[in-house]
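Comments concern the structure below.
Residue numbers start from 1 in every chain, and the chains themselves are labelled A, B, ... in the order their sequence lines are given, proteins ahead of strands.
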Amino acid sequence: MSASPRFVKPTHDFNLPKVEREILERWSAAGVERQALDRRDGRPTYVFFEGPPTANGRPGIHHVFARTLKDVVCRYWTMKGYHVPRKAGWDTHGLPVEIEVQKELGISIKPEIEAFGIGPFNDRCRVSVFKYKGEWEKLSKRMGYWLDYDEPYVTCDNRYVSSLWSILARFFDEGLLERGHRILPWCPKCGTGLSSHEVAQGYQDVQDPSVFVRFPRVGHPGQSFLVWTTTPWTLPANVALAVHRDLDYVRVRRAANDGAGEELLLAEALVAKVFGKETVEIVERMSGASLVGERCERPFDWLPFEGEGRHDLLVAGDFVSAEEGSGIVHMAPAFGEDDHFVGVKEGLAILNPIDAQGRFAAGIPLVGGQFVRDANSELVRELERRGKLFRRDNFTHAYPHCWRCKTPLLYWLRPSWYLRTTRIKERMVAQNREIQWFPADIGTGRFGEWLENNVDWAVSRERFWGTPLNVWSCATCRSLQVVRSEAHLRQLVPTLPDGFDLHRPHIDAIELPCTKAGCGGNARRTPEVVDCWFDSGAMPFAQHGWIAEPGKAPPQDHPADYISEGLDQTRGWFYTLHVISTFLTGKPASKRILVGNLVLDAKKQKMSKSRGNTVDPWQEIDAHGVDAVRWHLIAQSHPWLPRAYDPAAVGATGRELFGTLWNCWSFFATYAELDQFDPRSQAEPQMMARSELDRWLAAEVERLVEEVDAAFARYDLTKAANLIAAFVDRKLSNWYIRRARDRFWGRGMTADKLAAYTTLWEALDRVARVMAPLAPFFADALRGWLEPGGTSVHLDSFPSPRAERRAPELERDMEAVLDVVALGRRARSAAGINLRQPLGCVYLKGADAAIDGKLGSRFAELIAEELNVERVVVADESRLDQLRTLKVKPNFKLLGPKLGPKLGAAKQALEKLTTEQAAAVLRGEALTLYLGGAPATFTSAEVEVVLEGKPGFGVETDGRMLVAFDTTLTPTLIAAGHVREVVKRVNNSRREAGLRVADRIDLHLAGPAALLAAAEAGRARIGDDTLAVVIAFGGEPPTGDDWRSFPWEVDAEPLIVTLRRIRG
RNA sequence: GCACCCGUAGCUCAGCUGGUUAGAGCACGCGCCUGAUAAGCGCGAGGUAAGUGGUUCGAAUCCACUCGGGUGCACCA
């Protein structure tokens, strides 16, 4: 033996997690990740934006999924020759962080934070936000998500904040950043308003009272307006009622109940719904318009009306409907958008009796100091005491809650800063059409509709840990100015120390001279901070510290080619990115958006900590290997559908795909080691010099490359994964290797063997490359096994399909061969004759004459071996007549439109035709039938002829092809079967004895005479197939240290195999 | 309440520009093969295609409604 072999048979069992750990070490030692991320060398850039996570929570299994979607695409384009920068980012500001710190400190409301001190509080936030940074980085590394963590963008860095300021200043310049008084969703616990996309995150079912209240009609004793509300706590703030001008209203008299003759006014359409079975008498009909201006008496008169504003009357409101309630709506202009809108229009008074924590003012009777929602029941009782309550129920409805602290929100009149997104809505809608969404209907549907219903973005937060809003307001003249960047601030305040932190509370202390000519006043910063969704939405700009200026070009990597996040980001990150990019550049932030859906548990339940059904990503990765996790998550179904995470299924992926590939590799290595095969040392065999099977596999490999490439290019990762898995299972492992196995067995290196090695090596190599984006670890391991010391697959290129190797005809022919063989196995199984028993002859009939010719010649040997028969015979007409009948069926696609309702009759008539008539059709003859007396002619294309096997001949058919065996067993065949039985037992014995495949043996066989006789006659074959050098038959099995005996049964008779390894 | 997605074998999913006999994998049962060996292959059983109605010669596929699941929207007063 000369040099040591290039390939070595693996001596250990397959263990994917272990393989992955080795690859991690290799990547780390060789700096592979860094090289892949940094590769430029004149490549075009493929731009990816990373949505920043907040690292104050642990990453879960759904993050593994989300990050796989990002990673696969980035790896693919890297292999396609692009430079794909992947700058990591951290989302660091905002309510989620503050809430965590509040929990740490055991405090819950704003005044407590102020007492603790904004400075120390924010210092804690800055630390908290990176609490799990290490774990995020570790998980990214372990799962193979390559992301550049060396210079991440961090939203709380001065540089980032400075960039945000410049962008806000541009909104301000254009008049799109304004302070407004509007009804705002307000979290009483956090003490801040929320934006619509935050509200959208937090709907939960709650039970609320549903009460009908009497509002006495002034000037009409005994009459009341009937009013419905689900928020009794807003009744003390009532100033008016609203009716719809165009609705019909009625005055009804109640018969004899408690009210004894009372009269109630409500919308006519709701009478039945409100009174149900109770009989009421309609006294008067009137229009809504006629009620406008009527006076009413509010139920609670605790709050005085001061100054201006009309009150205690009926006004008109377009929003009033007769769907529910009474058609008369109670108006509290401080607590509802419609109420407020109408209130402004009608000049109504505004009563605002609650504080920022959602508590009634202390001076209010009965409920003073109570949290408003808690006051509901007390207020309802009071209504009852006052005789104002008509009815009370409860009803359950979805109500918005604070997305972080879960407190029910209040809609409350409150000043806030707005980005006037409604003014750029048309641009946003138009630009959305430029985005390629995966799936497309998110863009037109969910996201498109969201844009159509756009409302201004309430962008300020009355909080502490966030980008300070960069608007200063003059205490004297109220004029506003914005600070455009940190540099700008330094111009304005030259004394600012180095390292000045732009956050609160430091920034609050900065006063600026008023810029208005002649004012001379001092401007103070408006106290709010900015919605943290603005931070992340601005990342295409702020990640580069880009400073916005009028007319300035965007960063050169804008827009991105690709982003991917979860479905929940539709109204989150995807939206805020879109607002800011559209405003600044007129373009969307990314050309393509791939949306991932939820990862549910194995029972399709949402994972949540409270249910206790969360899946620990580390445990899954350790158990199955992350490539199996990644692969399964991608292959299971399209990313935008919800998926169940089933650990058992992940394990199966690991075994089936990676285990099979491992076996393929192991097979290759076993023989490559023995033969010292080295693809470098020989010229690659010409394709034309290789066997048909080799050319077939090579063609299929190129087809795979083409199809996988196309699937990746259209972002169909699921298809790519399934194509690869199907190829490995069906083509590579279960056909090529199985059929080519014995070509690797002979001694010495023949041309055919070299061709087989080369073909298999090439196939494995290309599989490694095409699967690399999906299974980065295994692919790189396989690549390393195939080319020891070579470069990482991730620094290599995605293979280009070699079109010249494609062989469409051969690919189709082999499909037919596979089908014939499957039928043949089914036929043998049905006949009860196992594959070891050779048979004399198999009769075949393929789908058409062209394939018949090939089955009988080029593929005959292959089929004969696979089905263990001596001869393959393409059945001629007379043989076929014995084996099958023919049936004629309509070609529905052609005849449906032609015959219409007569198709059914035609079908029946055709089915009655004889085999002879059908055979004529097969020969291409036209067919004339009488349908209901009228002749109808069918061409051979308009009907289909199908085969049916005749019973009793062991025929198997799929309607087009046919396989039948001659099951006659001659003594020769039986003897040959015996030899195969013996070979199998000897080889099983070899394995049980722990021999290596190339070990030679001495062999002794003991058993029934007929079996031994057959074996003796076939000793050459046994010797070849079991590497037995000396074979002895009959007598007592030898004994001794080296000899080992194995008892078997053949046809219910004992066979004793005794063997020993020949040393040296 | 409104909108969107989904409902196919015990489980996970294909198929869905309508074509009559609805597929695959897993799991299960039986058998086979094995010089890749705690793998592999074949066969079988398993389906009122959620339900109802419609369009059509023909519907898992198109339409309507109902039920169930998911998601989103929504101030529901």
Side-chain angles (χ1 to χ4, degrees), chain A residues 9 13-14 183 185 196 199-200 203 227-231 234 242 317 319-321 323-326 328-332 335-340 397-398 400 411 439 441-442 445-446 449-450 453 567-568 570-571 597-598 600 602 604 606 632 635-637 640-644 646 648-649 652 655-656 659-660 662-671 722 725-726 729 733-734 737-738 741-742 744-745 822 825-826 828-830 832 834-836 889-907 946 959 983-984 987-988 990-991 995-998 1025-1027:
Chain A
K9 175 185 163 67
D13 287 342
F14 179 54
I183 299 294
S196 53
V199 173
Y203 276 84
V227 174
W228 183 59
T229 181
T230 58
T231 51
T234 60
F319 62 92
V320 178
S321 78
E323 300 287 311
E324 252 178 310
S326 65
I328 304 178
V329 175
H330 128 73
M331 305 287 295
F335 301 110
E337 199 166 316
D338 288 325
D339 307 36
H340 183 247
H397 63 142
Y411 285 85
D441 56 274
I442 297 274
R446 188 173 292 198
E449 284 164 25
W450 168 255
N453 298 322
L567 189 60
D568 53 337
T570 309
R571 267 71 184 214
N597 208 317
L598 293 162
L600 309 168
K604 289 197 162 176
K606 213 167 179 172
H632 181 254
Q636 190 183 0
S637 61
W640 49 85
L641 300 173
R643 69 213 46 247
D646 183 356
R655 286 192 304 277
E656 283 157 23
T660 300
W662 164 263
N663 275 339
C664 293
W665 151 250
S666 171
F667 173 84
F668 171 86
T670 301
Y671 296 101
N722 286 313
D729 177 36
S733 173
N734 279 315
I737 291 184
R738 208 152 62 85
R741 219 163 9 191
D742 56 6
F744 294 88
W745 294 346
R825 282 197 285 252
R826 201 193 301 172
R828 287 193 71 125
S829 180
N834 73 34
L835 261 178
R836 277 188 302 277
K889 287 168 61 177
N891 180 331
F892 290 98
K893 200 155 193 170
L894 288 176
L895 288 180
K898 182 174 163 185
L899 296 179
K902 287 187 277 189
L903 184 60
K907 179 185 177 196
V946 297
V983 166
K984 168 183 163 167
N987 278 328
N988 280 346
R990 286 180 59 112
R991 182 165 57 255
L995 300 190
R996 294 168 58 103
V997 294
D1025 287 356
T1026 68
L1027 299 186

Hey, do the aromatic rings of A:Phe667 and A:Phe744 have their centres closer than 6.0 Å?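 Here the rings of A:Phe744 and A:Phe667 have centres that are less than 6.0 Å from each other.
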Using a heavy-atom cut-off of under 4.0 Å over every strand shown, decide if [X] touches base, sugar-phosphate, or nothing.
X         : answer
A:Ile328  : nothing
A:Asn834  : sugar-phosphate
A:Arg825  : sugar-phosphate
A:Pro439  : nothing
A:Ser733  : base
A:Thr229  : sugar-phosphate
A:Asp1025 : base
A:Gly896  : base

Does the side-chain ring of A:Trp745 lie flat on the base of B:G35, meaning centres under 5.5 Å and planes less than 30 degrees apart?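 Yes, the aromatic ring of A:Trp745 stacks with the base.
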For nucleotides [N] and [M], find the distance between their [atom1] atoms and express it as a whole number of Å.
N     : M     : atom1 : answer
B:A50 : B:C11 : P     : 13 Å
B:A60 : B:G51 : C1'   : 14 Å
B:A59 : B:G19 : C1'   : 10 Å
B:C26 : B:C41 : P     : 7 Å
B:G46 : B:G29 : C1'   : 11 Å

Counting heavy atoms from C-beta on, name the nucleotide in [options] closest to the side chain of [X].
X        : options             : result
A:Arg836 : B:G72, B:A77, B:C33 : B:C33
A:Glu656 : B:C32, B:G25, B:A36 : B:G25
A:Val329 : B:C41, B:C32, B:A77 : B:A77
A:Tyr411 : B:A36, B:C75, B:C5  : B:C75
A:Arg571 : B:G19, B:C73, B:A36 : B:C73
A:Ser637 : B:C32, B:C13, B:A77 : B:C13
A:Tyr671 : B:A77, B:A36, B:C73 : B:A36
A:Thr230 : B:C76, B:C13, B:G19 : B:C76
A:Lys889 : B:C41, B:C73, B:U21 : B:U21
A:Arg741 : B:A36, B:A77, B:C13 : B:A36

Do A:Val320 and A:Ile328 have side chains that get closer than 4.5 Å, going by heavy atoms?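 SC-SC contact between A:Val320 and A:Ile328 ruled out.
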With A:Lys889, which residues qualify under salt bridge (Lys or Arg N to Asp or Glu O under 4.0 Å), at least two apart?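 If we apply the salt bridge (Lys or Arg N to Asp or Glu O under 4.0 Å) test to A:Lys889, skipping adjacent residues, there are no hits.
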Return the value, rounded to whole Å, for the distance between atom [atom1] of [X] and atom [atom2] of [N].
X        : N     : atom1 : atom2 : result
A:Lys893 : B:U21 : NZ    : C1'   : 17 Å
A:Ile183 : B:A77 : CD1   : P     : 14 Å
A:Arg643 : B:G70 : CZ    : C1'   : 14 Å

For A:Lys984 and B:C33, is the shortest distance between a side-chain N/O and OP1 or OP2 below 4.0 Å?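 Answer is yes, contact under 4.0 Å.
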